[in-house]
Amino acid sequence: MRLLRLDLLRYGIFTNKSLHFRPDARVHIVYGPNEAGKSTALSAIGDLLYGVPNLSPYNFSGDKTQIRLGADIINQDGTRLEFHRIKSRGLSKTLRTPGDELLPDESLAPFIGHVDRRMFMNAFGLSTNALRIGSRAMLDHEGEIGAALLGAASGVGDLQTLQKRLEEEADDVFKVSKRSNTRFSTARKLFTEANEARKASELTAPKWKSLNAELETLSAKLERLRLALHENATRTNRLVRLASVRPIINRISHYLADIETLGDLPRPTATFTAELGDALAAREKAQSAASRVAEACLKAEAELADITLDEPLIASARAIDDLVQKISSYDQAIKTLGGAEDTLRRANDALTDLIADLGIRDQGDLTPQEVLQSHRPSLAAQELLRELINEREDLDEKTRSLAKTIQDEQDNIDRAMRDRDALPSLMDPGPFRTAYEAFEADLAIVAGLEDLRLEVSEESRRLIEEAGRLAPAITDLDHLATVPRPGSETINRYRIDFDKQTAERAQAETALAEARLESTAIRQHLAHLQIEGEVVTREALEDVRAKRDASWAEVKAALTADERPDAAEIAIGMANFEIATARADALADTAIRDAERIEAFKQRTINLQTAEDKVKRQLDSIMLIDEARATLLDIWTDEWRDMGIAPLPPAEMAEWLQKVEGLLDRRELNETKRARLALIEKRAEDLHRPLDDLASQIGLVAISGLSPQAMATRIKARLDELSRTWDAARSINVRIQDCSDRLASLHASQNTHLEASRVFQAQWAEATAALGLKGTAGTVEARAALGAFERLPRTLEDYTTAFRQLDQLRRTISDFESPALALAERIAPDLNGLAPDEAVGRLAERLRQAREAYTRKEDAELRLTEASVAQLAATSVKDAADARLQELRHLANLGPDADLEDLFRRLSKFEEISQQLALARTELAEQTYGESEEDLRAALVGFDPDGAKAEQDELARAGQQLNSEMFSVYAGHSKLMEERDALERGAGAELALQRRAIAESEMASLSREWLVLKLAAALVAKATARHRAGHHVPLIDRASALFHRLTGGSFSGLITEETESGGEHLVGRRPDGSTVAIGRAGATSSDQDAPGGMSEGTLDQLYLAMRLAHLEEFARTAEPVPFIGDDLFMTFDDTRTSLGLEALADTSSLIQPIIFTHHARVADIARFRLGEAADVIEL
Amino acid sequence: MPFTFLHAADLHLGSPFKGLAARDEALARRFSEASRKAFSELIERAIAENVAFVLIAGDVYDGEWKDMSIGHFFNREVAKLARVGIPVFLIKGNHDAASEVTKTLPLPESVHVFPENRAETRYIESLRVAIHGRSFASRSVTENLSRSYPPVEPGFLNIGMLHTSLAGNPAHETYAPCSIDDLARHGYDYWALGHIHQFEIVATEPHIVYPGNLQGRSVRECGPKGAVFVDVSEAGITGVRRVIVDQARFAEITVDITDLASETDVTNQLRDSFVQLSDLAENRLIAVRVRLKGSAPVHPSLIARRAQLTEDVQSLLHHVYEDAWLEKLVIDSREPDELIGPDFGASSLDIAALFAELEHDPEMRKVGEQLLQDIGNAWPSLQEFVAAGLTEELNQLLDEARTLVLARGSGAIAPVTGRE
């Protein structure tokens, strides 16, 4: 398929842009500088053929549904198709006719054949980057044939490295050979761990059964131990009890004996002892109370006797208390009195000062207070004056401002007048400008004069130089323009003639060379035959025989002569005859012997002749051709004679003539310009005088020597200057008029203002007088007076307050002092002479003491009364106690002498022992658990406490042992119980099993990952191997030829070589038969190939050659798509680029090569090297 | 007097969850506890519902399970029922028959187990209920057990308990086969079946019911799981209500990525599809199998970035639903035909066609088989995986390998259409 036209209807930055691909071109160069949309156009071809991807970056103006591409394409059969491609979701139903009718999806199939998008991108597309990656991969694998072929064909980078990487990734997952640290081994470890955990945590049936059996054994053992421990405890308890009750029983025995010792005791009632005790105690208590009361009576009477009272003082108690209450206010009044007097004085002074401030001289007999009250003006008068003060200040301000404004305006007028005087003489520029504008049209025409002149002369110079540079050179282009020139047809005819002659001559030369070669070969052969021995030719034999016959004839003649024969002569003749005969015989012998050789010699000699005839014929023929050529050359030279040109061969002259035609076209153009130049110059001359006149009118002098253009510039500048002056004068006049108007108005205002001031002065005099000021008083005085009257009410109030305060203090002092002194005089004359407050203090102290004495007296009187009453009561209680004791004595039948005290003591002792006995028996009962005292006394008969202790110790030891055994068995038992419980209640092996299942899943998933990676690596290996084994001789032959072409003959081609390891590798072959490998040992960084390996540049060329060979091979059997090179020659130097372009042109019969570039260099080289065959399409 | 009974089956207590690849210990723990928790919840719900009795139609344990602790757990849980006077009726299923636990550990007295050698009837006189049942004697029972069941007991509600695959359920091995008609003609009021893990009311006249298993254990058992409450009145069976007690769920979400060209598109599509997660999970832990399908230009790059994509999908799941875990990412999508290239004699230029041809090369199959053998040798417990690989999966693996090579190969070079 070939592209004839690509339409970027709505795509990326393009709208309705068409790229035309010339059908006769061999290479298309799509050139566009950066940002011109090269990449967009490049991408468009892919999208055109295979549809626009959903997320195309070339969406048109933000609306992706608007993308539209079109093309005109042709395939190998010559079928053409014009179609559009639009974008939609999905890649189907996007083809349209230019008339927007739907085209079936398969419409493109005959044009793109089997080439899918991936193949189009990778194989039919090649960028500099891809080229570099591909050639580097080839280098990495040292030109290994399989890798190199597959790599170059597919365009898929470095498959070998991809294979290696896939293998490495697979090894990270899992490695068959050894147990290494792979992800799989980690998962496997988890699996193993989980499995072991499962086994450990599983509660299996045997495990469970054995656990239960063990538990049963332990339970039985525990039961036995419990029984033994019980017996041991019972015996121990018995011994302990006997030991503990033994002292109690002994104590009981002692109590019983003690009771025996108390003798006979009368106890008529159960409460007798207590009653007797109570009666004895009551009598004792009554006796002691009576004596205590008597003592109290005596003490109270003695106290009363000691107390005296000051009655008058007590009578005045209230008056004293009143005075004491007033002491503090009195003291305060005394302290503040001085201050209050000072305040009153200061208030009085303030009033006096105010009078002075108001300037009141005459006070008469009045107090300052009264004077001020009488001079106080009304509030209305004060307010009026306050307003007038403000008004007067405004009037004064206005007077000042009016005077200043008037002065400023006067100054402005003076300044403007000075400015006007300073202006130069005035002239109205209007008429002159009109006159100037009439010339402007002509001036515009004249403006380009100099440029045109330069252009014409430069072009003339260039034409002469370029004509001179031509071979043959042209000395007079103008002459050439006037004489006839041979047409291209003519030249072509001559070219054919010349070519024919050249071909004939070459043919003749070839034949000549062949004939010469043949001749030389024959000569050599002849020489060879001669070396073997003399070659007897017929001529030689005949020659010798003739000589023999001649000798004989001479001898015969001499013998038969009339004269006597000269013996010597005959002898010589004979000798000659013999020699000749011998020679002839010898020759004849040789001839007979070497007949074959001689025949060969003879034949060769004939052949030689033929060959030399041929040489001669060819030489003649060449001479004839040369003569004909000389004639042709003469005619050819004649063709050019009129033009004065000694021609080169027709091919070159055709090119020459083409260039000359170009020059002549340009000359024609230049001559036209020259004519126009003359017209303009005339126009310029005509302009000169009128411009000069105008200049002198507006005061410009000495400019008549300038060009019209320069004159015009000066005139225009002068006119501008005149305009500026004219305008300035006009504006100053306007300014002066404005100022004068304003000044008149200001004067009027000033008069009005003076009148108003006069009226105000009368009001002012009246208002100031109201405040007691003179009519001449200014605003300052008026403000001072107003301030003073404002202060007046406050000052008066201060004075009144101070006066009242002082009066109050004086009253407080006298209210205290007079009653105090009077009271002291009356009840305490000894205090006479003391200050009143101190005297009152002393009186208060005396009153306190008197009050205390009074209280003490009242207390003593009360106690005396109480003691008297108590004495009567005590006597009565003692009598009752005695009577009770008598009753008891009767009750117990005791005589009056009986010692009641002693009886009570013994009875008490008896009751105490009885109580302890009861307690001991209770204690015993608590410890015997129902066993009777008698049984215990019986059991204790013969009880040995020491023996019992020893037995107890023995029992304790045995008990300890049993306990320890029991503890251990019990611990084992409960541990097992817990264990069983935990196992029963635990989660068992479920978690471990879950973890194992998870690890297993993980392993399966990793295995899958590993398999895919390994299979992927195997696929790549297989693909490479297949290419290694394939029949690639024709392909390598073609690649070899292209490589030869691309390297400019520096390499004669490619061959394959077997390496020591048995692999097959590509190597480059030099024309001299030496080889250059693909390997790192080469001078890869330089541009030079070294014996050890090819340079980077050569590798790139090799890769390109292989790729093109593959594409050609493909195109021979299937429909190809265009080959797209994306800035393919970016890293190529100019020579390599030229070679590369030529190689691409070579492939163009099979594939359409399209190179996208932003380097103008590539386009230039293409034009230069390929001429018309290069189609440069600018974006 | 109306009453309700509980019908459960296929507890499969203690068996692990299949196919999870989670490396999270806490997650493994949660999954491992799910079956027990589901059963505990069932018991709680039965007590709360005050059911009259409980039927368990086989497969309490997993056959291979040897851990007694699960038996104790079962006994403890049913003891809770005994304490509130709820009797349990149980038949042994194929798994129980082979179970070490069943053989070793006696069941509590409140659990009535039906004998293996014949069908038997137990009565609950107070409710006028007759329960007929027969346990599996061995792991494999191929006879039609339903024929051995006693005739209808007149005046009683007749319930048959049977562990069966019914006839012709192709997804399950055949156990105690019988037809729906066999059961219907028997005249019982309710057939409490077990063995099939999917809830199904097979028939309503009479009721033939599979309650399904209590807890889904692999992605083959998706959706809500539990048992059924059966309501009974004087008129007979009045309703069958599901009681959902599963603690974790499985779900499979298939995402169609047809025509998508970028991974961002795929991510968006996934996010949209995951919206249903919350509804599927109902506040439970959920394990999700995500399956991509359709023909998409983005397919090769998904294959090339499988590991990364898996992580992305997992985090996307978390993003949409906090307790969602990726069970497995299955990439069932494929390249559009346009990208694979037409099938014709592979030119060296056409790398896609070349690899497509190699993919079907018998030698490549041999390589794959050898690699699978290597795995099997290295770790015998992966035999199942190896077997699957040898039979079905190898073609898919080869296809994926081919896609991987092309994706990685294409990525290695700059595309022809470079951008400005």
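Every chain is numbered from 1 and lettered A, B, ... according to where its sequence line falls, protein lines coming before strand lines. Small disclaimer: the values here were computed from a predicted structure and weren't measured.
Proximity to chain B is limited to the side chain of A/Lys209, based on heavy atoms less than 4.5 angstrom apart. Residue A/Leu166 touches chain B through its side chain alone, counting heavy-atom pairs closer than 4.5 Å. Interface remark: B/Arg29 contributes backbone and side-chain atoms alike to the contact with chain A (heavy atom separation under 4.5 Å). At a 4.5 Å heavy-atom cutoff, the contact between A/Phe184 and chain B is made by side-chain atoms alone. Only the side chain of B/Asp361 comes within contact range of chain A, with heavy atoms under 4.5 Å apart. With a threshold of 4.5 angstrom between heavy atoms, A/Thr192 approaches chain B through side-chain atoms but not through N, CA, C or O. Within the 4.5 angstrom heavy-atom criterion, only side-chain atoms of B/Glu363, from C-beta onward, approach chain A.
The pair B/Lys366-B/Glu369 fails the salt-bridge criterion, with no side-chain N (NZ, NE, NH1 or NH2) lying under 4.0 Å from an Asp/Glu carboxylate O.
Every residue meeting the salt bridge (Lys or Arg N to Asp or Glu O under 4.0 Å) condition with A/Asp981, not counting sequence neighbours, appears here in chain and number order: A/Arg985. When the side-chain hydrogen bond (donor to acceptor under 3.5 Å, both in side chains) test is applied to B/Gln269, no partner is found at least two apart in sequence or on another chain.
Options B/Asn75, B/Thr403, B/Leu358 differ in how many heavy-atom pairs under 4.5 Å they form with chain A, and the most are formed by B/Leu358. With respect to chain B, the highest number of heavy-atom pairs below 4.5 Å among A/Asp1127, A/Val1020, A/Val1012 belongs to A/Val1012.
For the pair A/Gln994 (side chain) and B/Phe17 (backbone), a donor-acceptor distance under 3.5 Å is present. A/Arg117 contributes a side-chain N or O that, together with a main-chain N or O of A/Tyr50, makes up a donor-acceptor pair within less than 3.5 Å.
Among A/Phe124, A/Phe120, A/Phe1123, the one residue that satisfies the ring-ring contact (aromatic ring centres under 6.0 Å, His included) test with A/Phe1114 is A/Phe124.
Counted within 6.0 Å of CZ on A/Arg165, heavy atoms from surrounding residues, nucleotides or ligands total 12 or fewer; the atom is thus considered open.
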